[in-house]
Amino acid sequence: MTKAVLSTLELLLLLFPVALLLGGYMARVFRGERTFLSSGLRPMEKLVYRLCRVDEAREMSGRSYALCVVATTLGGCLVLLLIQLLQGILPLNPQGLRGVRWDTALNTAISFGTNTNWQAYAGETTMSPLTQMLGLAVQNFLSAAVGIAVAVAMIRGFARKEAKTVGNFWVDLVRSVIYILLPLALVLAVVLVSQGVVQTLRAPVEARTLESARQVIPMGPVASQEAIKELGTNGGGYYNANSAHPFENPNGLTNLLENFALLLIPTALVFSFGIMVGNRRQGRALLAAMLALFALGLGLSFWAELSGNPLLADAGVLAGANFEGKEVRLGIPASALWAESTTATSTGAVNSAHDSDLPLVGLVQLFNMGIGEVVFGGVGVGLIGMLFYVVLAMFVAGLMIGRTPEFLGKKLGAREMIMAVIGILLPPVILLSGAAIALLLPAGLAGLGNPSAHGLSEILYAYTSAVGNNGSAMAGLSANTPFYNLTLGLVMLIGRFATLLPGLAIGAAVARKRTVPSSIATFPTTGPLFVVVLVGVILLVGALTYFPAFSLGPILEHLFLGAGRLA
Amino acid sequence: MTRRSTGAAERRSMFDRALVIQAVRGSFRKLDPRQLLRSPVMLVTEAGAALTTILTVVSIVQARPFSFELQVSLWLWFTVLFANFAEALAEAQGSARAESLRRSRKDLAARRQLADGRTEQVSAATLRKGDAVVVGDGETIPGDGEIVEGTALVDESAITGESAPVVREAGGDRSGVTGGSRVLSGQIKVRITANPGETFLDHMIAMVEGARRQMTPNEIALQILLVGLTVLFVVVVLSVPAMAHYMGVATTVPVLVSLLVCLMPTTIGGLLPAIGIAGMDRLVQRNVIALSGRAVEASGDVDIVVLDKTGTITLGNRMATELLPAPGVSREELIDAALLSSLPDETPEGRSIVVLCKNELGIRGGDIRAPGDAVFIPFSAMTRMSGVDVGMRRIRKGAIDAMEGLVRLLGGYFPEPVKAQVEAVARNGDTPMVVTDGSRVLGVVRLKDVLKQGIKARLAELRHMGIRSVMITGDNPLTAASIAAEAGLDDFIAQAKPDAKLSLIRKYQSDGHLVAMIGDGTNDAPALAQADVAVAMNAGTQAAREAANMIDLDSNPTKLLDIVEVGKEILITRGALTTFSVANDMAKYFAIVPAIFAAAYPELGVLNVMRLSTPASAILAAVVFNALIIPALIPLALRGVRFRARSASAVLRWNLLVYGMGGLLLPFLGIKLLDMFLVALRLV
Amino acid sequence: MKEIRTAFLVILVFSLLLGVVYPLLLTGIGQLVFPWRANGSLVSVGGRVVGSELLGQSFSSARYFHGRPSPSDYDAMASGASNLGPSNRALLLVVQERVDRIRSKNGLPSGTPIPADLVLSSASGLDPEISIESALLQVDRVATARGLDVAVVRSLVERMVVGPFLAAFGDRRVNVLRLNLALDGLT
């Protein structure tokens with residue numbers, strides 16, 4: 001209990017001050033102002049523009065910006081796909097791994113290009129160091145930068161008045177990488193190496209254990225990838241066990257740092273939002289809503305885990321503690337905290353086995369992802385998703401005070417409504433359809449790792465994770481089959497664009513509007529009432545969407561455990 | 001705010017028999033899917049009802065138990081019918097009121113004037129735009145138009161219900177007349193301004209009647225949300241059989257259709273058209289004809305209103321309010337002289353001086369007459385004074401420079417203290433009128449611009465709603481400032497040129513404000529066309545009426561308050577019912593999900609928080625509740641949620657509590673009661 | 001179109017910067033400044049690599065402290081969890097089995113609850129540590145198997161305990177490999 005509270009407090013006390021500073025820094029970066037790193041990084045930035053023939057001063061309309069987003073995302077997928085297929089003939093392949101199987105490669109390419117990092121494969125036996133470095137890690141940076149750029153464009157929409165442009169995608173992309181992701185990743189990676197995260201290009205090492213068994217110890221350039229995996233809310237680990245693997249997450253310090261890192265940029269972006277729209281209190285109000293939902297999910301998770309599994313207690317396990325799929329150096333509270341963080345953002349990295357979590361913990365994870373990952377959320381897309389809910393909430397709230405809806409002085413009309421509705425409601429539509437299909441087809445059922453209600457949760461989790469671009473899994477589901485690779489790949493693609501493109505559209509539409517001054521008749525969106533309305537809308541929409549699915553999955557399993565019934 | 005009924009028609013209660021019957025017929029007519037296309041939620045409900053009906057028939061034919069399916073089908077049909085009824089009732093009410101207005105001018109006779117000056121007797125229905133008609137004492141004006149010649153005292157009670165007659169005259173800002181009103185005295189020539197069927201009334205009726213009605217921007221946005229939710233719930237419901245099958249539970253189509261219809265926002269989907277129509281109808285109740293639904297919505301957002309001074313904020317004519325005798329002159333002397341010189345004076349100023357003097361002397365009524373030998377000297381632009389010669393006395397009154405000149409001419413002197421008094425009055429923004437007897441200066445009468453009664457309270461109410469009021473006048477700054485301060489206006493523009501109104505409105509709009517304007521004159525037309533909410537007085541010129549998007553039949557400038565209220569009410573009602581409708585879904589889930597699954601998985605019985613008797617009764621209770629809530633909320637939809645002028649946060653908190661929490665909790669109670677009822681009646 | 005060309009140029013440039021320069025730079029720093037950590041924290045005995053400090057390995061002899069159950073039996077090239085759900089019959093059966101085995105092997109009366117980490121597998125399958133309670137309940141068996149004084153073995157265990165990081169992350173635990181190496185060092 002104390003560990004639960006302490007770990008949360010320590011994480012938040014580290015997170016918020018740094019996020020605040022980073023938020024201010026990022027606002028300056030995207031406004032083109034000088035920062036303390038400018039003298040060192042500006043030459044590199046200019047070099048990249050020259051090499052890529054980018055005109056820094058050009059501004060883009062929403063449509064052009066969207067085209068760039070799609071081109072970069074699909075281009076990234078394509079490059080990654082090629083690297084994987086040609087892996088067998090490319091250098092830096094000490095284990096001599098063959099080209100990745102076509103459906104796995106396609107799924108992985110889409111996955112990393114869309115910031116999902118769903119891994120249908122096991123890293124140790126599928127990807128060579130070159131593929132990991134040049135393919136996967138590069139997409140980690142790029143997809144994160146794409147998300148940040150689109151969020152910034154959307155913020156500009158609210159900040160600008162009667163503007164036809166929302167910025168330059170290439171400039172935003174390059175700045176995200178050079179000023180934000182790369183410096184942070186370097187610093188974090190060095191710290192990680194110092195603690196034991198592996199960073200080498202040598203081949204795996206053969207060891208002879210104390211009992212004279214043969215153990216082959218894997219190697220690889222892990223720290224460099226680990227850093228961007230967390231910072232960019234990617235989540236794709238070097239090894240199969242992800243951040244449960246001691247070589248990716250060796251001790252409590254690295255765990256704290258990695259957990260902090262995956263929350264950092266999403267939180268900082270909300271601060272940046274407040275600064276860039278000239279209303280810091282608005283940013284804080286959004287953060288309050290996110291923190292409230294975070295605490296809710298975390299509280300429920302802690303309560304469930306600390307109550308333990310009555311079936312295990314019956315079998316003779318001390319306190320019925322649910323230690324299945326947990327690491328000793330991390331412990332149950334830190335695992336629950338991480339799981340909440342990773343599903344609230346769209347990271348998807350895991351330091352415990354979610355498939356073995358108690359049902360209510362699984363419910364929280366499913367809900368976090370199912371509402372679109374807006375509780376801090378993924379880099380960029382979290383803020384975008386939250387703004388969709390803000391549009392919806394302000395629409396209804398505006399009506400209830402007798403005014404046509406508005407937010408930050410911008411009137412919200414039919415166009416904004418369509419985009420917000422697509423952003424919020426299309427993902428659940430896709431995921432429920434996909435899960436339903438998988439539940440009906442033998443190809444889908446064949447992958448199940450657990451029976452009955454928990455199996456339903458497994459399949460639901462897979463599609464929820466894919467559409468939200470999360471990437472974590474209840475890994476009992478054997479998803480490295482053409483059926484799952486193709487369906488989940490499609491779902492990931494739709495989910496990504498269903499967030500980025502409507503967000504961009506709202507930004508562009510809102511940029512063109514002029515602002516309406518506030519008065520006693522407008523509803524202040526920086527106060528507790530706004531936060532309550534926003535949280536209420538999110539909870540209600542989520543509950544209404546997933547009530548049936550959750551009743552048959554996690555809730556039923558929870559009731560099984562309570563009744564002592566085995567599945 | 002008094003709500004008068006229009007015309008001579010009696011007040012109709014909301015559920016007048018004839019209207020209800022008309023609405024019931026309309027609700028069956030609207031079952032046509034082509035009609036329901038405008039309301040996707042109800043269209044899907046109708047499809048569900050048709051589907052379950054077919055399945056019921058199949059069950060009957062196959063001799064299987066069909067009671068449950070039959071009841072579900074029936075209640076689904078009722079759901080659609082109730083929604084249709086709401087819309088039809090609102091339409092019937094709206095049309096009825098407008099019809100009563102229109103009826104008052106049917107079968108009228110008109111004297112049409114031909115090109116050569118002769119007049120011919122024709123039926124009013126044959127009048128066309130541009131025709132000239134003459135109307136005399138006691139005759140009824142045959143159609144909407146503008147007076148081009150003459151002045152008349154008009155009784156508009158058939159239109160507005162107001163029995164006090166009004167003056168209408170050619171050339172000024174009071175030249176508009178409405179068909180159906182009666183000339184009490186006077187002779188006027190009227191130019192008809194609209195063809196039959198194209199009058200403002202006809203325009204408004206078109207807006208009310210469903211088939212030709214266009215959805216306003218806010219309605220469209222709300223429909224998008226409702227469609228989105230519908231699509232979501234269709235997918236949610238379609239995923240249930242897949243999950244159920246995996247878990248080994250069978251599901252039937254009627255149950256799934258029930259779940260879908262219960263989840264969809266049928267309450268707001270069904271009542272949405274009625275809310276808008278009823279809003280327009282409530283405007284007609286307050287004697288405002290809305291010509292644009294968009295403008296009605298925008299009026300909820302108005303934050304600046306631009307007002308004229310003369311005739312809008314002030315009475316239009318100055319009133320005498322104070323008598324200031326010169327030193328050495330008794331008060332009675334001044335009163336006597338002022339009274340004598342004003343008794344024969346027909347001007348409003350003169351009459352008000354008479355009233356003031358009478359009040360001072362404590363005399364009422366018309367007992368005082370001018371002495372028989374008094375000769376009245378009327379005001380002339382040359383002398384700039386008026387007065388009376390009675391006996392040897394020459395009493396005059398006028399502006400200071402004119403009086404000073406007169407006194408000096410007659411050899412008298414103008415006392416300094418009186419000059420000081422004059423200055424003091426002018427500095428206060430009032431008009432000083434100096435009264436003299438021969439060469440003696442008797443004193444000063446203060447003439448004030450008097451505010452219309454209640455204007456201060458009205459403007460305060462507007463401010464409470466967050467609306468700033470701005471007065472625009474050609475007067476000098478001093479006078480304007482004092483009026484503005486007295487009336488409680490937020491701002492004023494003085495010495496304004498005619499086009500100042502238009503540029504002012506443009507400037508406010510570019511700053512992001514939504515501007516309302518009230519006007520009546522031809523020079524107001526450009527500004528009215530620019531304003532977001534433009535209210536023209538019905539008595540105003542045709543140009544003003546055509547430029548506006550709302551017509552105030554009462555020609556009352558504070559009508560804007562009513563318009564803003566109705567605009568806000570419409571929006572609030574939409575928001576409240578949407579929240580209520582969606583919040584209802586939680587209870588329905590708690591009724592239906594355990595009903596489907598608790599048989600196979602008794603552990604899920606925990607979800608049956610309402611302790612409903614059987615799966616069939618639970619589902620049916622939910623369906624019945626979903627259907628009955630629509631007619632239960634029809635009065636609210638038609639009346640509108642009352643708008644109270646409090647801060648936005650307070651309004652939101654209250655509405656959230658009532659419709660949000662209420663929407664969450666009420667159905668738990670409702671479904672439980674219905675469940676008990678259904679079981680008691682052995683219907684399941 | 002121009003934007004598509006720019007997209008490919010950007011991907012190319014960043015692939016070089018982020019896919020080659022960045023990881024190589026980091027590898028260089030790692031190998032120079034933290035060579036032992038960067039190369040897997042390998043533990044050697046007599047010039048031979050016996051394992052990594054950070055990775056668990058299989059122990060089944062009575063003379064050694066046993067680690068946690070592992071779905072892959074500590075195959076370091078196959079990290080992963082069992083992914084068995086909390087209501088899964090298979091999980092409960094295997095747990096019951098392990099509980100019985102541990103009770104019998106360590107001389108514990110039937111009905112004694114066993115610390116969770118010793119009967120449930122880890123998320124990575126390579127967890128190198130066990131909780132202090134799990135270590136202590138093995139002390140008797142190990143001491144007997146090696147002919148050592150129980151108090152000596154116990155104090156060895158207690159000396160090697162590390163606590164939770166910042167009082168919140170992790171349990172009180174011992175590294176099994178280090179512990180067993182120290183054991184070997186005793187005799």
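Order of the sequence lines fixes the chain letters, A, B, ..., with proteins taken first and strands second; residue numbering starts at 1 for each chain.
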Best-contacting candidate, [options], against chain C by heavy atom pairs under 4.5 angstrom:
options: A:Glu206, A:Arg53, A:Glu124; result: A:Glu124
options: A:Ser224, A:Gly455, A:Gly320; result: A:Ser224
options: A:Gly331, A:Cys52, A:Ala244, A:Ala334; result: A:Cys52
options: A:Asp355, A:Leu318, A:Val328; result: A:Val328
options: A:Leu74, A:Val48, A:Val190, A:Asn322; result: A:Val190

[X] [atom1] to [Y] [atom2] distance, which is reported to the nearest 0.5 Å:
X: C:Leu120; Y: A:Leu312; atom1: CG; atom2: CG; result: 5.5 Å
X: C:Phe165; Y: A:Thr254; atom1: CZ; atom2: OG1; result: 8.5 Å
X: C:Leu54; Y: A:Gln195; atom1: CG; atom2: CD; result: 10.0 Å
X: C:Asp117; Y: A:Glu324; atom1: CG; atom2: CD; result: 11.5 Å

Find out whether [X] and [Y] are in side-chain contact, i.e. whether some heavy atom of one side chain is under 4.5 Å from a heavy atom of the other.
X: C:Glu3; Y: A:Phe169; answer: no
X: A:Phe323; Y: C:Leu118; answer: no
X: A:Thr72; Y: C:Val10; answer: no
X: A:Thr200; Y: C:Gln31; answer: yes
X: A:Arg329; Y: C:Pro128; answer: yes
X: C:Leu18; Y: A:Leu182; answer: yes
X: A:His454; Y: C:Asn88; answer: no
X: C:Ile29; Y: A:Val193; answer: no

Item to check | Short side-chain to backbone donor-acceptor contact, C:Thr27 and A:Gln199, under 3.5 Å | outcome: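 No, C:Thr27 side chain to A:Gln199 backbone: no donor-acceptor pair under 3.5 Å.
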
Checklist entry - Is there a donor-acceptor pair under 3.5 Å between the side chain of C:Gln57 and the backbone N or O of A:Arg208? => result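 The answer is no, because no donor-acceptor pair under 3.5 Å joins these two groups.
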
[X] versus chain C, heavy atoms under 4.5 Å apart: side chain, backbone, both or neither?
X: A:Asp357; value: backbone
X: A:Ala321; value: both
X: A:Val197; value: backbone
X: A:Leu142; value: side chain
X: A:Leu330; value: backbone

Checklist entry - Given the rule in the side-chain contact (heavy atoms from CB on, under 4.5 Å) test, do C:Thr6 and A:Val54 qualify, once you have shown the distances and angles that lead to the verdict? => result CA-CA 7 Å; C:Thr6 318; A:Val54 169; 3.7 Å; yes

Locate the shortest heavy-atom distance separating [X] from [Y]; write the atom from each residue and the value.
X: A:Ala227; Y: C:Tyr22; value: CB-OH, 4.0 Å
X: A:Pro204; Y: C:Met77; value: CG-CE, 4.2 Å
X: A:Phe247; Y: C:Ser52; value: CE2-OG, 3.4 Å

Next on the checklist: Taking side chain as everything from C-beta outward and backbone as N, CA, C, O, which of these in C:Tyr74 sits under 4.5 Å from a heavy atom of chain A? Side chain, backbone, both or neither.
Outcome noted: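 Looking at C:Tyr74, backbone and side chain both touch chain A.
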
Item to check | Residue C:Val95 versus chain A: region with a heavy atom under 4.5 Å | outcome: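 Only the side chain of C:Val95 comes within 4.5 Å of chain A.
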
Item to check | Residue among C:Pro35, C:Gly30, C:Gly51, C:Ala78 with most heavy-atom pairs under 4.5 Å to chain A | outcome: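 Highest number of pairs under 4.5 Å: C:Gly51.
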
Checklist entry - Which one, C:Leu12, C:Thr112, C:Asn39, C:Leu17, leads in non-hydrogen pairs under 4.5 Å with chain A? => result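 The residue among C:Leu12, C:Thr112, C:Asn39, C:Leu17 with the greatest pair count is C:Asn39.
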
Item to check | A:Glu211 and C:Ser60: side chain donor to acceptor below 3.5 Å | outcome: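 Distance-only check passes for A:Glu211 and C:Ser60.
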
Checklist entry - Is it true that the side chains of A:Glu327 and C:Ser124 contain a donor and an acceptor less than 3.5 Å apart? => result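 Distance-only check passes for A:Glu327 and C:Ser124.
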
Next on the checklist: One pair to check against salt bridge (charged side-chain N to carboxylate O under 4.0 Å, His left out): A:Lys326 and C:Asp127. What are the steps and the verdict?
Outcome noted: CA-CA 9 Å; A:Lys326 308 272 193 300; C:Asp127 197 344; over 6 Å; no

